[in-house]
Amino acid sequence: MKHFIEKLFGKASKDSKLLLFGYWVGILFYFIALILFAMQATIGGQWLSVLAIAVGFPIFFRLVYSLNRSLWTKFRGMNKRNIFLVSGGVGLIIVVFIGASLLFSDNLVINASKSIVNGNVQVSIGSLKGSYSVDEVRIIEEGMVVIPYRTTIDEGDVLLIVEHGDKVLWKKEVSPFSQGLIEFYGEKERYNIQLYTEKAKGINVEIIN
């Protein structure tokens, strides 16, 4: 495990307890962020943010840690106040990196939950940018598929879409309120019901099975 971590982040500096502490705090932050982003991607069906963190953060960390180590070597005799300022600056840079990853991500889901109540799929999303997988429909007999739905959107324009591979079979704008029937001709395949928006907030969707 230690060899793997050093491959990703480089070797920790043992010249300073502060640098060593910062090294392991950064790694702990990385794995926590990776787990949280992966959980979010599992719900939303998009993994671009996870890839950005998984690849980008270790590279960025190496650059910042190397700079911090150089500063420590150069200004080893500086007082505790200056050490605190340097460490705070490094922490701020890391936070800015995570924030930029979120801001410029093609797909961002915040405060999402999905549950099944009496066979109906209920989805609630605080904020969405990009797409979100609401439900997967498995067709066992070829023919017309009819699925009732209800939606409410507090802010933004949202499309409700049925996809099969790269093909869109049905879509409708569901902002700010919509209820009706999803209708498409289905074969013995799996079909994805998705939400898509440039940016929206307060999204509630119920797929009635």
Side-chain angles (χ1 to χ4, degrees), residues 8 25-61 64 88-137 147-163 166 168 170-180 182 190-209:
L8 277 179
V25 167
I27 290 171
L28 178 63
F29 181 85
Y30 169 76
F31 283 110
I32 291 174
L34 200 59
I35 290 170
L36 292 176
F37 273 74
M39 290 172 61
Q40 198 77 297
T42 301
I43 297 173
Q46 298 291 331
W47 293 87
L48 188 60
S49 298
V50 179
L51 183 62
I53 294 296
V55 176
F57 186 87
I59 296 173
F60 188 77
F61 181 87
V64 173
V90 172
L92 179 62
I93 291 172
I94 292 174
V95 171
V96 169
F97 173 81
I98 298 297
S101 298
L102 291 172
L103 181 64
F104 295 107
S105 172
D106 291 334
N107 206 82
L108 178 61
V109 185
I110 297 175
N111 195 24
S113 65
K114 183 188 295 187
S115 60
I116 298 177
V117 180
N118 296 325
N120 300 334
V121 177
Q122 296 182 350
V123 170
S124 175
I125 306 173
S127 179
L128 175 65
K129 175 185 176 184
S131 61
Y132 180 91
S133 178
V134 176
D135 194 17
E136 184 181 70
V137 180
I147 304 172
Y149 74 90
R150 285 193 291 262
T151 66
T152 58
I153 316 295
D154 290 344
E155 181 182 326
D157 298 324
V158 179
L159 288 175
L160 186 63
I161 298 173
V162 176
E163 293 181 325
D166 295 331
V168 176
W170 180 92
K171 68 178 179 179
K172 183 176 181 180
E173 185 172 324
V174 294
S175 304
F177 168 81
S178 181
Q179 65 178 359
I182 298 171
R190 294 179 183 273
Y191 298 83
N192 293 317
I193 301 176
Q194 301 240 22
L195 295 171
Y196 178 78
T197 178
E198 290 187 2
K199 188 176 181 181
K201 295 181 179 180
I203 302 168
N204 292 283
V205 179
E206 183 176 13
I207 303 298
I208 303 169
N209 295 316

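If you read the sequence from its start, that first residue is 1, and numbering goes on from there. What you see below is based on every heavy atom in this structure, not just the backbone, and it leaves out hydrogens, waters and symmetry mates.
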Test item: Val162 and Val137 side chains (from C-beta on) under 4.5 Å apart, heavy atoms = no

Do the side chains of Thr151 and Val158 get nearer than 4.5 Å, heavy atoms only?
-> no

Return the [atom1] to [atom2] distance between [X] and [Y], rounded to the nearest 0.5 Å.
{"X": "Lys171", "Y": "Tyr196", "atom1": "NZ", "atom2": "OH", "result": "10.5 Å"}
{"X": "Tyr191", "Y": "Ile182", "atom1": "OH", "atom2": "CD1", "result": "14.0 Å"}
{"X": "Gln194", "Y": "Ser131", "atom1": "CD", "atom2": "OG", "result": "5.0 Å"}
{"X": "Leu128", "Y": "Asn111", "atom1": "CG", "atom2": "CG", "result": "12.0 Å"}
{"X": "Leu160", "Y": "Glu173", "atom1": "CG", "atom2": "CD", "result": "11.5 Å"}
{"X": "Ser127", "Y": "Lys199", "atom1": "OG", "atom2": "NZ", "result": "6.5 Å"}

Residues that Glu136 engages under side chain to side chain contact (heavy atoms under 4.5 Å, CB included), provided they are two or more places apart = Arg190, Asn192

Output all residues satisfying side chain to side chain contact (heavy atoms under 4.5 Å, CB included) with Asn204, sequence neighbours left out; order by chain, then residue number.
-> Ser124, Thr152

Under the salt bridge (charged side-chain N to carboxylate O under 4.0 Å, His left out) test, residues paired with Glu206 that sit two or more places apart | Arg150

Among Ile125, Ile153, Ile161, find the residue that satisfies the side chain to side chain contact (heavy atoms under 4.5 Å, CB included) test when tested with Leu195.
-> Ile125

Are the side chain of Lys114 and the backbone of Ser133 linked by a donor-acceptor contact shorter than 3.5 Å?
-> yes

Ser175 side chain to Gly156 main-chain N or O, any donor-acceptor pair under 3.5 Å?
-> yes

Give the minimum heavy-atom separation between Ile207 and Tyr149, together with the two atoms involved.
-> CD1-CB, 3.9 Å

In terms of side-chain heavy atoms, does Tyr132 have a donor or acceptor partner in Thr197 at a distance below 3.5 Å?
-> no

